[in-house]
Amino acid sequence: MITFFNSKTVFTGTDLREFNEMREFLKQNGVKYKYKVNSQTGRWAGGGTHRGVHGSVGIRMEHDKMYEIRIREKDAKRLGL
């Protein structure tokens, strides 16, 4: 089981292609992983979401999502990550 206490973040970024490449690499090496996707404009900003309050003008939508992948520390050491 992958928990916060026995895991390591091996990818954090906004590039969906790189995110999928890392997931494929882990899959090919038989490594279980957990991932999170957070929307930068979907965060709460008091009276609503950031996008709802401020709009999306000037925000590059390809950078809206932040991707994170975590794996067990022992797997990270084995793969040299």
Side-chain angles (χ1 to χ4, degrees):
M1 177 179 211
I2 300 171
T3 67
F4 178 79
F5 300 106
N6 73 354
S7 65
K8 177 180 179 181
T9 299
V10 294
F11 178 83
T12 303
T14 59
D15 190 321
L16 180 60
R17 183 185 51 78
E18 290 177 6
F19 171 69
N20 286 326
E21 286 175 359
M22 177 58 85
R23 289 177 57 206
E24 186 61 33
F25 171 77
L26 296 172
K27 184 178 176 182
Q28 289 174 353
N29 286 283
V31 176
K32 291 184 179 182
Y33 60 88
K34 283 189 171 183
Y35 68 90
K36 289 193 314 187
V37 180
N38 292 314
S39 173
Q40 304 299 313
T41 57
R43 291 184 299 190
W44 188 254
T49 62
H50 180 73
R51 184 174 178 187
V53 172
H54 302 288
S56 60
V57 174
I59 298 174
R60 296 183 60 181
M61 295 313 288
E62 63 268 18
H63 295 267
D64 172 51
K65 304 245 186 304
M66 180 66 70
Y67 305 99
E68 178 185 10
I69 300 175
R70 295 184 72 84
I71 64 174
R72 285 181 291 211
E73 285 182 21
K74 66 179 184 177
D75 290 329
K77 287 179 184 177
R78 180 174 58 89
L79 294 173
L81 299 176

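Throughout, numbering of the chain's residues begins at 1 and tracks the sequence. Atoms considered below: every heavy atom in the structure, side chains included; atoms not considered: hydrogens, waters and symmetry mates.
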**Message:** Ignoring hydrogens, what is the shortest heavy-atom contact between Met1 and Arg72? Give both atom names and the distance.
**Reply:** N-NH1, 4.3 Å
**Prompt:** Taking all non-hydrogen atoms of both residues, which atom of Asn29 and which atom of Arg78 are closest, and how far apart?
**Reply:** O-NH2, 3.7 Å
**Asked** Does the ring centre of Tyr35 sit less than 6.0 Å away from the ring centre of Phe11?
**Response** no
**Request:** For residues Val10 and Met22, report the shortest heavy-atom separation together with the two atoms involved.
**Result:** O-CE, 3.7 Å
**Message:** Restricting to side chain to side chain donor-acceptor pair (under 3.5 Å), what partner residues turn up for Thr9, sequence neighbours left out?
**Reply:** Glu68, Arg70
**Asked** Going only through I, L, V, M, F, W and Y residues with side-chain contacts under 4.5 Å, is there a path from Phe4 to Val31?
**Response** no
**Complete:** So OH of Tyr33 and CG of Asp75: to nearest 0.5 Å the spacing works out to 13.0 Å
**Asked** Is the shortest heavy-atom distance from the side chain of Thr12 to the side chain of Tyr67 under 4.5 Å?
**Response** no
**Request:** Of all the heavy-atom pairs spanning Phe25 and Leu81, show the shortest one and how long it is.
**Result:** CE2-CD1, 4.2 Å
**Message:** Using side-chain heavy atoms (C-beta onward) and a distance below 4.5 Å, is Lys34 in contact with Ile69?
**Reply:** no
**Request:** Evaluate the criterion salt bridge (Lys or Arg N to Asp or Glu O under 4.0 Å) for residue pair Lys77 and Glu73; output intermediate values, then yes/no.
**Result:** CA-CA 6 Å; Lys77 287 179 184 177; Glu73 285 182 21; 5.0 Å; no
**Asked** Closest heavy-atom contact between Lys32 and Ile2?
**Response** O-CD1, 3.4 Å
